[in-house]
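So the structure is just underneath, and the comments pick up after that.
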Amino acid sequence: MDVTLVTGASSGLGEGFARALAARKHDLLLVARRQERLAELAVELTSGNGVSVKTIALDLAAPDAGETLMAEVAERGLRIDTLINNAGFGARGAFAELGLDEQKRMIALNCTALTDLCHRVLPGMIERRRGGILNVASTAAFQPGPWMAVYYATKAFVLSFSEALHERKCGRTA
Ligand SMILES: NC(=O)c1ccc[n+]([C@@H]2O[C@H](COP(=O)([O-])OP(=O)(O)OC[C@H]3O[C@@H](n4cnc5c(N)ncnc54)[C@H](OP(=O)(O)O)[C@@H]3O)[C@@H](O)[C@H]2O)c1
């Protein structure tokens, strides 16, 4: 079954993407850490729109998250037709005073997981000549943010990376 994968779908923009896509009759795979919120949303979107909504509770900042997610996708007989790389967070404060672990988690989620998922789904999309990826950056991508230094830098990465993929016809060499 072809599905649209929405990361960070348990609240905020991700939940909004899920609602909008369900209304357009996309079958969905929703991913975030809070399983209960995903499950409640899945029930609501399924009954309200007549679409299939699957959920996977996963910490995408974990080092093996992409591999774990794609193994589960294969196990369930799903195929990612569209990827909405939305999960992300920002910590506010002076760089030297914020915890290093939290800042590294930000990079792991906002940059590494996003890149990992693009790399895992793109070859299939290119082969099928069908599909799409939406990476959620921010206006933070356009300038440095002294009180959210790492967050702004992660979003600059997302914008640069996404524009590069788009320019080279979705990462193909020919
Ligand atoms: N809101 C804004 O004004 C704004 C502006 C520009 C860009 N953005 C970007 O838009 C995206 C969504 O932001 P938002 O404001 O909607 O934030 P939000 O309401 O806090 O939602 C973030 C989503 O990401 C999920 N998430 C967080 N950490 C995760 C992890 N380690 N593994 C898996 N899922 C995780 C959260 O679910 P769980 O907690 O259940 O895991 C939640 O579903 C982010 O990339 C953000 O940088 C937001």
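Position 1 is the first residue of the sequence, and the numbers go up from there.
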On a heavy-atom basis, which atom in A140 and which in Y151 lie closest, and how many Å separate them?
CB-CE2, 4.0 Å
Just wondering, more than 12 heavy atoms not from R128 lying within 6.0 Å of its CZ?
yes
Would you say the side chain of L134 lies within less than 4.5 Å of the side chain of L83, judging by non-hydrogen atoms?
no
Go through the steps to decide whether S52 and D27 satisfy the test side chain to side chain donor-acceptor pair (under 3.5 Å), and finish with yes or no.
CA-CA 5 Å; S52 164; D27 293 319; 4.7 Å; no
Quick one: are Q35 and S10 in side-chain contact, heavy atoms under 4.5 Å?
no
Would you say that E72 contacts L78 through its side chain, given a criterion of any heavy-atom pair below 4.5 Å between the two side chains?
no
Could you give me the CA-CA distance, side-chain angles and deciding distance for L60 and V31, then say whether side chain to side chain contact (heavy atoms under 4.5 Å, CB included) is met?
CA-CA 9 Å; L60 287 167; V31 175; 4.0 Å; yes
Beyond-backbone contact of V150 with I107, side-chain heavy atoms, under 4.5 angstrom
yes
Under a 4.5 Å cut-off applied to non-hydrogen side-chain atoms, are C118 and N85 in contact?
yes
Test side chain to side chain contact (heavy atoms under 4.5 Å, CB included) on V158 and L114; report intermediate values, then the result.
CA-CA 8 Å; V158 173; L114 176 140; 4.0 Å; yes
What pair of heavy atoms forms the shortest contact from M106 to F89, and how long is it?
CG-O, 3.1 Å
I80 versus V73: any side-chain heavy-atom pair under 4.5 Å?
yes
So do L5 and I84 actually touch side chain to side chain, heavy atoms under 4.5 Å?
no
Heavy-atom neighbours of Q143 CD exceed 12 at 6.0 Å
yes
Taking all heavy atoms of N110 and all of K155, pick out the closest pair and write down the distance.
ND2-CE, 4.3 Å
Side chain proximity check, F157 to C111, heavy atoms < 4.5 angstrom:
yes
Go through it in stages, so that I can follow the logic: the residues are V6 and E15, the test is side chain to side chain contact (heavy atoms under 4.5 Å, CB included), and I'd like the CA-CA distance, side-chain angles, deciding distance and then a yes or no.
CA-CA 8 Å; V6 183; E15 182 181 334; over 6 Å; no
Which heavy-atom pair separates G66 from L117 by the least distance, and what is that distance?
CA-CD2, 4.2 Å
Distance col, row E67:CD vs R120:CZ, nearest 0.5 angstrom, shows 5.5 Å
What verdict does the side chain to side chain contact (heavy atoms under 4.5 Å, CB included) test give for R24 and N49, after you've listed the backbone C-alpha separation in whole Å, the side-chain angles of each residue and the deciding distance to 0.1 Å?
CA-CA 8 Å; R24 293 177 188 200; N49 300 279; over 6 Å; no
Under 3.5 Å donor-acceptor, T112 side chain and L109 backbone
no
Restricting to non-hydrogen atoms, name the atom on D59 and the atom on R33 that form the minimum distance, rounded to 0.1 Å.
CA-CG, 3.7 Å
